[in-house]
Amino acid sequence: MDTATAPRRLCRLDEMHDGEAMALDVTLPYGEESVILLRQGERVNAWLNICPHAGRRLDWAPGKFLISRGMLVCAAHGASFNIDNGECNGGPCRGESLRTVPVRVEHGDVLLDI
């Protein structure tokens, strides 16, 4: 298998709390980025940890995120992002979205799918 295109393991699904988000520093093709991983049952959504409003991180402390009523809330300006698709439904960047990072869960591993 070509290791340059092989999926890379980020963590184990059981290391994540269901309904909560965590941040990992991940090397992507264009450099290292902070990535938000949010577990919903057996599924994980992932986005760059960058608010489209002002380019700041969403976490209120390193790796700590506010999730309220199905929304991931930016600690800097209160923008609210849908945890299913990353779309901003409230706040200064309404209508914009978080940048998706492709991941998948396979045999209990969360894999970067780039």
Side-chain angles (χ1 to χ4, degrees):
M1 177 184 282
D2 181 4
T3 57
T5 59
R8 191 164 55 96
R9 181 183 176 277
L10 299 176
C11 65
R12 295 276 309 156
L13 185 65
D14 59 14
E15 295 172 340
M16 302 176 67
H17 296 287
D18 195 11
E20 293 184 12
M22 62 186 275
L24 291 176
D25 290 330
V26 176
T27 302
L28 299 173
Y30 48 84
E32 189 168 302
E33 294 281 356
S34 176
V35 173
I36 302 166
L37 298 175
L38 193 147
R39 178 180 176 183
Q40 292 180 279
E42 299 299 308
R43 185 181 70 175
V44 174
N45 291 328
W47 304 280
L48 292 182
N49 188 7
I50 301 171
C51 181
H53 168 239
R56 296 187 54 186
R57 292 173 60 114
L58 278 80
D59 39 1
W60 57 270
K64 305 290 184 187
F65 296 90
L66 175 60
I67 298 172
S68 176
R69 300 179 186 168
M71 300 294 216
L72 176 64
V73 181
C74 177
H77 297 105
S80 300
F81 300 90
N82 184 301
I83 62 172
D84 292 323
N85 59 21
E87 183 178 309
C88 182
N89 294 326
C93 54
R94 184 184 304 266
E96 295 184 59
S97 293
L98 298 173
R99 288 182 47 201
T100 300
V101 175
V103 297
R104 72 175 187 265
V105 177
E106 190 173 286
H107 306 294
D109 289 324
V110 180
L111 303 173
L112 180 63
D113 204 14
I114 294 180

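Heads up: numbering here begins at 1 and tracks the sequence. Below, each value reflects all heavy atoms present in this structure, side chains not excepted, and no hydrogens, waters or symmetry copies.
Cluster membership check: V44 shares its hydrophobic cluster with V101, using side-chain heavy-atom separations under 4.5 Å among Ile, Leu, Val, Met, Phe, Trp and Tyr. Note on L111 and L13: separate hydrophobic clusters, where clusters join Ile, Leu, Val, Met, Phe, Trp and Tyr whose side-chain heavy atoms are under 4.5 Å apart, directly or indirectly. No chain of hydrophobic side-chain contacts below 4.5 Å, direct or via other Ile, Leu, Val, Met, Phe, Trp or Tyr residues, connects L66 to M22. At a threshold of 4.5 Å between side-chain heavy atoms, the hydrophobic network of Ile, Leu, Val, Met, Phe, Trp and Tyr places L24 and W47 in two separate groups.
The side-chain heavy atoms of T27 and L112, taken from C-beta on, include no pair separated by under 4.5 Å. Residues L10 and V35 have side chains not in contact (no heavy-atom distance under 4.5 Å, counting atoms from C-beta outward). For the pair I83 and N45, the minimum side-chain heavy-atom distance is 4.5 Å or more. Residues I67 and L38 form a side-chain contact, since some pair of their non-hydrogen atoms from C-beta on lies under 4.5 Å apart. The closest side-chain heavy-atom distance from F81 to L58 is below 4.5 Å. Contact check for V110 versus E15: no side-chain heavy atoms found under the 4.5 Å cut-off.
Put simply, CD1 on I50 and OG on S34 are 8.0 Å apart, with the number rounded to the nearest 0.5 Å. The CD atom of E20 sits 11.5 Å away from atom CZ of F65, with the distance rounded to the nearest 0.5 Å. A distance of 9.5 Å separates CD of E33 from CG of D25, quoted to the nearest 0.5 Å.
Looking at every heavy atom in both residues, G63 comes nearest to A23 through CA-CB, 3.9 Å. Between L37 and A46 the shortest heavy-atom distance is CD2-CB, 3.6 Å.
Applying the salt bridge (Lys or Arg N to Asp or Glu O under 4.0 Å) definition to pairs two or more places apart or across chains, those involving residues 44-58 are R57-D59. Screening residues 8-42 for ring pair (Phe, Tyr, Trp, His ring centres under 6.0 Å) gives no qualifying pairs among residues at least two apart or on separate chains. Residue pairs meeting the ring pair (Phe, Tyr, Trp, His ring centres under 6.0 Å) criterion with at least one partner in residues 89-114, sequence neighbours excluded, are absent. The salt bridge (Lys or Arg N to Asp or Glu O under 4.0 Å) pairs that include a residue from residues 94-114 are R9-D109, R12-D109, R104-E106, R104-D113, where partners are two or more places apart or lie in different chains. A side-chain hydrogen bond (donor to acceptor under 3.5 Å, both in side chains) check over residues 62-78, counting only residues at least two apart or in different chains, returns the pairs H53-H77.
In this structure, the side chain of N49 does not engage the main chain of I36 through any donor-acceptor pair within 3.5 Å.
For the salt bridge (charged side-chain N to carboxylate O under 4.0 Å, His left out) test, no residue two or more places apart in sequence or in another chain qualifies with E32.
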side-chain contact (heavy atoms from CB on, under 4.5 Å) between Q40 and D84, intermediate numbers included:
CA-CA 9 Å; Q40 292 180 279; D84 292 323; 3.3 Å; yes
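None of L28, L98, T100 except one satisfies the side chain to side chain contact (heavy atoms under 4.5 Å, CB included) rule with L48; the exception is L28.
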